[in-house]
Amino acid sequence: MMDPCGAVAVLDSAIRRGLTKQELYAECNRQHSDCAAVFHLLPHADQRSENGGESYARAVMTMRLGFAKPQQRVVFVDPLTGRTYRVDYCWRLADGTIIVAELDGMEKYTNPGMTNGRSMQIVVNEEKQREDGLRRAGVSVIVRFTFDDVLHAERLDRKLAEAGVPKAAAEVHV
């Protein structure tokens, strides 16, 4: 009954909390209602999404827009500083290109709970240092997008396509 991309976010959350895909399949089989939609969406579920926004964005990328499924929560180590950076989404292409995408929000620049009292300028400078570290670690392209881009999927489609993110061979578009 839900939007399929929203339903994937719910499934991600259930799996992240320890419910296995096998348990979900078994529960659907015990129900007397049609669980075809759940069976269709379960292969798209991924416990590595840390929140509903990440899950929904990944579902829009792959299910609605047809991009290849990204790796999530990939860690890169800056060879200069030794700092580690974990990215939201990552695609490693056959030619060695590494594309990462980051779901950003203004809150990380303005919410005192997230800035730890740092000024917006300091937070922006830290983001620049992070991007420099990712590039030194081998990342070729960094795509930044907002949840508003996800809701207006044509903008997300354009950003990912311009970055060179490949389309999947056979994805179902919903």
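These numbers were taken from a predicted model, which means no experiment stands behind them.
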Original post:
Given side chains that start at C-beta, do those of D157 and F67 come closer than 4.5 Å, heavy atoms only?
Top reply: yes
Original post:
Does R155 use its side chain to pair, donor to acceptor, with the backbone of D148 at less than 3.5 Å?
Top reply: yes
Original post:
Nearest 0.5 Å, what's the CD1-OG distance between I15 and S55?
Top reply: 9.5 Å
Original post:
Do the side chains of V143 and Y89 get nearer than 4.5 Å, heavy atoms only?
Top reply: no
Subject >> Any residue meeting side chain to side chain donor-acceptor pair (under 3.5 Å) with D132, in chain and number order, not counting sequence neighbours >> reply: K128
Subject >> Contact check, side chains of P70 and T62, non-hydrogen atoms, under 4.5 Å >> reply: yes
**OP:** Over all heavy atoms of both residues, which pair between A45 and L11 is shortest? Give the atoms and the distance, please.
**Re:** CB-CB, 4.0 Å
Subject >> Flag if over 12 foreign heavy atoms under 6.0 Å of CZ, R83 >> reply: no
**OP:** Considering non-hydrogen atoms only, spot the tightest contact between D78 and L80 and give its length.
**Re:** OD1-N, 2.8 Å
Subject >> Nearest heavy atoms of P166 and L93, plus distance in Å >> reply: CD-CD2, 3.5 Å
Original post:
Heavy-atom distance under 4.5 Å between the side chains of L103 and R58, does that happen here?
Top reply: no
Original post:
Heavy atoms, side chains only, cut-off 4.5 Å: are V74 and R92 in contact?
Top reply: yes
Subject >> Spacing of CG belonging to D88 relative to CZ belonging to F145, to within rounding of 0.5 Å >> reply: 7.0 Å
Subject >> L160 reachable from V141 in the ILVMFWY side-chain graph, under 4.5 Å edges >> reply: yes
Original post:
Is there side-chain contact between F76 and I98, with heavy atoms separated by less than 4.5 Å?
Top reply: yes
Original post:
Taking D149 as the fixed residue, which of R144, K159, R158 is the one that meets the salt bridge (Lys or Arg N to Asp or Glu O under 4.0 Å) rule?
Top reply: K159
Subject >> Distance, nearest 0.5 Å, that separates CD of E127 from CG of D104 >> reply: 6.0 Å
**OP:** Quick one: closest heavy-atom pair of V77 and A137, and the distance?
**Re:** O-CB, 3.3 Å
Subject >> Exam field: side chain K167 to backbone L65, donor-acceptor pair closer than 3.5 Å >> reply: yes
**OP:** Look at the side-chain heavy atoms of Ile, Leu, Val, Met, Phe, Trp and Tyr, link any pair under 4.5 Å apart, and say whether L156 and I99 land in one connected group.
**Re:** yes
Original post:
Can you get from V8 to L19 by hopping between Ile, Leu, Val, Met, Phe, Trp and Tyr side chains that sit under 4.5 Å apart?
Top reply: yes
Subject >> Closest non-hydrogen atom pair, E23 against G18 >> reply: OE1-O, 3.9 Å
Subject >> Spatial distance of atom CE (M63) from atom CG (D3) [nearest 0.5 Å] >> reply: 8.0 Å
Original post:
If Ile, Leu, Val, Met, Phe, Trp and Tyr residues are connected whenever their side-chain heavy atoms lie under 4.5 Å apart, and connections chain through other members, are Y85 and V100 in the same group?
Top reply: yes
**OP:** Looking only at non-hydrogen atoms, find the nearest pair between A153 and V60 and report the distance.
**Re:** CB-CG1, 4.0 Å
Subject >> Residues E131, R135: salt bridge by 4.0 Å N-O rule >> reply: yes
**OP:** Verify, without hydrogens or angle tests, whether E102 (side chain) and V87 (backbone) share a donor-acceptor contact under 3.5 angstrom.
**Re:** no
Subject >> Inter-residue atom distance C5.SG - M61.CE, 0.5 Å rounding >> reply: 11.0 Å
